[in-house]
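Just so you know, these numbers use all the heavy atoms, side chains as well, and skip hydrogens, waters and symmetry mates. Below, chains carry the letters A, B, ... as their sequence lines are ordered, and counting in each starts from 1. Just so you know, these numbers come straight off a predicted model, no measurement behind them.
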There are 2 protein chains.
Amino acid sequence: MDVPGWPLDDRGAAYGDGLFETVLVRDGQPQLWLAHVERLARGCAVLGIPVPERAELERLLAAAPPGLQVLKLVLTRGSGGRGYRPPLPPTPRLRHQWLPFAPDTRNWVEGVRVRLCHLRLGSQPLLAGLKHLNRLENVMARAEWSDDAIAEGLLTDSDDRLVEATAMNLFWQRDGRLQTPWLGRCGVAGTLRDTLIERLGIDEVDVSVNELRKASAVWVGNSVQGIWPVRDLEDAEGVALANWSLNSVHRAFQAEAHALLGFETCFEACFDTRFDNLGK
Amino acid sequence: MDVPGWPLDDRGAAYGDGLFETVLVRDGQPQLWLAHVERLARGCAVLGIPVPERAELERLLAAAPPGLQVLKLVLTRGSGGRGYRPPLPPTPRLRHQWLPFAPDTRNWVEGVRVRLCHLRLGSQPLLAGLKHLNRLENVMARAEWSDDAIAEGLLTDSDDRLVEATAMNLFWQRDGRLQTPWLGRCGVAGTLRDTLIERLGIDEVDVSVNELRKASAVWVGNSVQGIWPVRDLEDAEGVALANWSLNSVHRAFQAEAHALLGFETCFEACFDTRFDNLGK
């Protein structure tokens, strides 16, 4: 069956007037489902788009292909209105795609190299945290490098505060505390981030890259890929800023996160073969 | 013939990864065509999207319906890439729509009431000036009011500097000088604005709303609607901030702009019946 696309006058396509979610689904079971549904509802409240029925979303899950999949949900304000002016009431449009998925287990195990991006995220408190469809900043940041050896790019705001990575959230440990950037001005509040904050009591803070260099462990991650330990950090010109040896703190945080995503088994298997010297 | 829509995986629909233009076309003749083509090319250069062939754009014009129309062009990076990462090379997708149009001549003649918006535009110098598809800020600003007596909303940035109106640029005269906000941080550089700056030597400045209150004449306008003189300015709570009597300066600026859009005849007719006391 053909999945329908978007009409030419859909406001999502015209203005990015909508929201999306990418949900990890294992054999029909969505991971962090409640967090995804809640974030979508938060976005709907801010944008003034009716929240889709929970039952409608869950009907989609009933048709999940087997194995590990990403369910991409896109909800737009639909068509209508006059220019930017939204139609009242809106007739939202929900579309979905199933994308077969395999996590990058090598990044799990070996950790990753990340760079700082040139692009500074603009501040927009009204939309901060939401996974809305205005993602040109993320696209432009991701277009800054093409070297596959660099797994992610870190983004700061115009006042040099760390915010996130292009498609992941950022976490670190310092002085025994887990921390992550505060996302009240810009950035996407990932569902894995939200859930880990609640479970582990992670502090949401404003810090510069210089502060990050003092961390004892750094990670990037999201609800689809899981958690990648950061091994090397470099600036936008490729100059090394910091590096970290992977340690048990890295692994413990990863284990917490991956348990939430149902990645335990695979994760342990990866370790047992290559990190049998590491206790957890 | 059905105009095709967007595939589900188009990056314009997914991320707002593209650009658009709305061109006033009179009996197949595009107004300010060069300015539109140039702005589209500027946007392509920044986003890294190949510029459409001029001949391809002009083939669309050959099929223009008669009379006054708006040609909406949308150019996206097409499909592909991996998440935010753009495909290299991209295969852009160009879509268009013809929308019959009639300018709001009452706003031309009588002037308009405008309000200040609560929303502050985020600063993103990389994308400032471009007519890209990330327009949620404009949508949210336009959603702030529903009173049809208010024709436009003025937008400031996070430092209280005036930027634009939700779908128009802003112009004023003060101490005999024409001025418009500088758009190096945010806002859309309208083709009418660009053309008027070049023809009339308008200053691009950073000013607050308080400064605007000292103007002797204020206008909002774009390349489709033409120029609306601002008669009343109020804050976001409806408290009057300033008002202006329409005078010959208003009309002279309007006449300059409308000549560029081919609106002269209609414009003069509107005046002759209602403003025969005004010299130009």
Side-chain angles (χ1 to χ4, degrees), chain A residues 2-18 20 22 46-48 72 74 76-77 81-86 88 95-97 99 118-128 130 132-143 145-146 157-158 166-167 185-186 224, chain B residues 2-18 20 22 46-48 72 74 76-77 81-86 88 95-97 99 118-128 130 132-143 145-146 157-158 166-167 185-186 224:
Chain A
D2 257 14
V3 180
W6 301 103
L8 209 55
D9 64 358
D10 185 87
R11 298 177 60 95
Y15 306 132
D17 191 3
F20 71 116
T22 47
V46 172
L47 268 56
K72 180 168 180 175
V74 185
T76 75
R77 203 186 301 271
R82 207 183 147 189
Y84 296 131
R85 184 176 186 169
L88 275 177
R95 296 278 187 268
H96 74 283
Q97 260 182 301
L99 308 158
H118 286 289
L119 181 137
R120 305 305 181 93
L121 292 168
S123 180
Q124 182 45 268
L126 181 65
L127 302 173
L130 305 183
H132 55 66
L133 297 174
N134 277 204
R135 300 265 73 103
L136 253 183
E137 289 185 321
N138 305 68
V139 171
M140 297 303 290
R142 187 58 190 80
W145 82 97
S146 54
D157 66 16
S158 52
T166 68
R185 300 175 199 92
C186 48
V224 169
Chain B
D2 258 13
V3 181
W6 301 102
L8 208 55
D9 65 357
D10 185 87
R11 298 177 61 96
Y15 306 132
D17 191 4
F20 70 114
T22 46
V46 173
L47 268 53
K72 180 167 180 176
V74 185
T76 75
R77 202 186 301 270
R82 206 185 149 189
Y84 296 131
R85 185 176 185 170
L88 274 178
R95 297 279 187 266
H96 73 283
Q97 259 182 302
L99 307 158
H118 286 290
L119 182 138
R120 305 305 182 92
L121 292 168
S123 180
Q124 182 47 267
L126 181 66
L127 302 173
L130 305 184
H132 56 66
L133 297 174
N134 278 204
R135 300 265 74 104
L136 252 183
E137 288 185 322
N138 305 68
V139 171
M140 296 303 292
R142 186 58 189 81
W145 81 97
S146 55
D157 67 16
S158 53
T166 67
R185 300 176 199 92
C186 48
V224 169

request  = With sequence neighbours left out, write down each residue that passes ring pair (Phe, Tyr, Trp, His ring centres under 6.0 Å) with Tyr84(A), or none if nothing qualifies.
outcome  = Tyr15(A)

ask   = Of the listed residues (Cys186(A), Ala167(A), Gly18(A)), which shares the most heavy-atom pairs with chain B below a 4.5 Å separation?
value = Ala167(A)

ask   = Who among Pro86(B), Gly48(B), Gly12(B) has the most heavy-atom pairs with chain A under 4.5 Å?
value = Pro86(B)

inquiry  = Can you give me the closest heavy-atom contact between Pro7(B) and Trp6(A), atom names plus distance?
reply    = O-CD1, 3.9 Å

inquiry  = Counting heavy-atom pairs closer than 4.5 Å to chain B, which one of Arg142(A), His132(A), Arg77(A), Arg185(A) comes out on top?
reply    = Arg142(A)

ask   = Do the side chains of Gln124(B) and Leu119(A) get nearer than 4.5 Å, heavy atoms only?
value = yes

query = Taking all non-hydrogen atoms of both residues, which atom of Leu133(A) and which atom of Asn134(B) are closest, and how far apart?
reply = O-ND2, 4.2 Å

Side-chain heavy atoms of Leu126(B) within contact of His118(A), under 4.5 Å = no

message = To the nearest 0.5 Å, what is the distance between CG on Leu8(A) and CD on Gln97(B)?
response = 4.5 Å

ask   = What residues, two or more places apart in sequence or in another chain, satisfy salt bridge (Lys or Arg N to Asp or Glu O under 4.0 Å) together with Arg11(A)?
value = Asp17(A)

query = For Thr22(B), is it the side chain, the backbone, both, or neither that has a heavy atom closer than 4.5 Å to a heavy atom of chain A?
reply = neither

note = Residue from Gly83(A), Ser158(A), Ala14(A), Gly81(A) scoring the most non-hydrogen pairs under 4.5 Å with chain B is Ala14(A)

ask   = So how far is it from Lys72(B) NZ to Asp9(A) CG, rounded to the nearest 0.5 Å?
value = 9.0 Å

Spacing of Arg85(B) atom CZ and Thr166(A) atom OG1 [to the nearest 0.5 Å] = 10.5 Å

ask   = Between Leu47(A) and Leu136(B), is any pair of side-chain heavy atoms under 4.5 Å apart?
value = yes

